[in-house]
Amino acid sequence: MSKKFVVVLLSLVMMMLLALPMTTSAQDDTIVIGFLPGVVDPFYQLMEVGVRQAVEDSSLDIELVVQIPEMFSPTVQTPILDAMVARGDLDYLIIAATDKEQMVAPLQAAFDAGIEIISVDTFIGDGDYVNGPVTFPLSYIGSDNTEGGRIAARALAANVGEEGKVYIQNVNPGISTTDQRQQGFEEGIAEFPNMEVVGVDFNGDDESTAVQQTEAVLQREEDLVGIFGTNVFSANGAGIAVNNAGLAGAVDVIAFDATIFAAEQLRAGVVSMMIAQKPFDMGYLAVQFAIADHQGVTSLPKRVPTGFAVITADNIDDPEVARFIYEVAEN
Ligand code: T6T
């Protein structure tokens, strides 16, 4: 091979390499969106339906990367997040952080790697992405959980004649949503001088632990009048324990979240109220926010409360209300 030929060949290769960025910029029209919820449960399943629907409804080229942790825990969620970041192609990450402090550093690293973060359901820091300690996420889309806790307390108080001992079944300290639900519930119960919160247990998002803990409390506190279950597994466990003890109707259960199981318990008189969140809307809106940001919209709100549907025996048969029960069609 002549020297001249090698030089020409090398020049050609260089020209091709220089031309490469143009090729990749054409491929860059694809928006890559990651979705990393808290765990496998009916709430996040419905959120995923919302995410997928928003992608389907968009005419843009969107690639969705979905990873669902087996356990609700920052120890499980962090390596999954790190692996999503390591792919190197994510533009946006829609995440329900499993701990408001422990997930800050891994999410900061994701943001520093060029990924825009959208919080759904849970927040990091104190949730104030304008003035709080953490401001890098694009937005926080989710329920007003403190208000949800207050709704539960006031409903429970009304059901039990505004007096008596109540108990809280909770998940883990450090989760923004369930911390705020507990706080709102305690504030709400404090409005009633003849009511008292006699305890809180943390079940680690495990239904059978919730059953065991509730059974122990029912034995210890014979005059207990009510229980607040702060999420799916907490409320399910509380309801099962009350039912097993033959105390349906005597110990009132307020369920945060509106699963099919909780709806059955409501119809059976074990649960008196379900506080349904809007997980579909959270997922749908989050994708729309990613798209809007990608298209240059700069006025996206940093906080979007998504509201509740409060479901009781009085309205569960109203289709306009029942549609908020977390039902995911099987494929
Ligand atoms: O209650 C939801 C969610 O809002 C919370 O952050 C974690 O638990 C659920 O996913 C229900 O299991």
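Note that the structure is predicted; figures quoted are calculated from it, not measured. Just follow the structure's listing: the first ligand is 1, and inside any ligand the first atom is 1. Only this structure's heavy atoms are used, side chains among them; waters, hydrogens and symmetry mates stay out.
For Glu327, the CD atom counts as loosely surrounded, since its 6.0 Å shell holds 12 or fewer non-hydrogen atoms of other residues, nucleotides or ligands.
Closest to atom 8 (O) of ligand 1 among all protein heavy atoms lies Asn231 ND2, 2.9 Å. When only non-hydrogen protein atoms are considered, atom 1 (O) of ligand 1 lies nearest to Asp257 OD2, 2.5 Å.
A salt bridge (charged side-chain N to carboxylate O under 4.0 Å, His left out) with Glu187 is found for exactly one of Arg154, Arg150, Arg181, namely Arg150. Across Phe43, Phe185, Phe308, Phe233, a single residue satisfies ring pair (Phe, Tyr, Trp, His ring centres under 6.0 Å) together with Phe256, and that is Phe308.
Of all the heavy atoms in Met274 and Ala258, the pair that sits closest is SD-CA, 3.7 Å. Taking every heavy atom of both residues into account, Asp179 and Pro173 meet most closely at OD1-CA, 3.7 Å.
Of all the heavy atoms of Met47, none lies under 4.0 Å from any atom of ligand 1, so neither backbone nor side chain is involved. Heavy atoms of Val232 found under 4.0 angstrom from ligand 1 belong to the backbone as well as the side chain. Counting heavy atoms closer than 4.0 Å to ligand 1, residue Val39 contributes nothing at all.
Where the criterion is an N or O separation shorter than 3.5 Å, residue side chain and backbone included, Asp41 meets it with respect to ligand 1. Between Thr178 and ligand 1, no N or O atom pair is found at a separation short of 3.5 Å. Considering backbone and side-chain atoms alike, Asp121 places an N or O below 3.5 Å from some N or O of ligand 1.
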Decide salt bridge (Lys or Arg N to Asp or Glu O under 4.0 Å) for Asp317 and Arg267; before the verdict, give the C-alpha distance in whole Å, the side-chain angles of both, and the deciding distance to 0.1 Å. CA-CA 10 Å; Asp317 291 322; Arg267 290 185 190 284; 3.0 Å; yes
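Glu48 and Arg52 are joined by a salt bridge, as a carboxylate oxygen and a charged side-chain nitrogen come within less than 4.0 angstrom of each other.
Every atom of ligand 1 is numbered from 1 in the order shown, and the set under 4.0 Å from a heavy atom of Thr122 is 6 (O). If you number the atoms of ligand 1 from 1 as listed, the ones under 4.0 Å from a heavy atom of Gln277 come out as 1 (O), 2 (C), 3 (C), 4 (O). Near Thr177, meaning under 4.0 Å from one of its heavy atoms, ligand 1 places the atoms 5 (C), 6 (O).
Residue Tyr44 places a heavy atom under 4.0 Å from ligand 1. Not a single heavy atom of Gln180 sits less than 4.0 Å from an atom of ligand 1.
Aromatic ring pairs are classed by plane angle as parallel below 30°, tilted from 30° to 60° and perpendicular above 60°; the pair Tyr44 and Phe72 is parallel.
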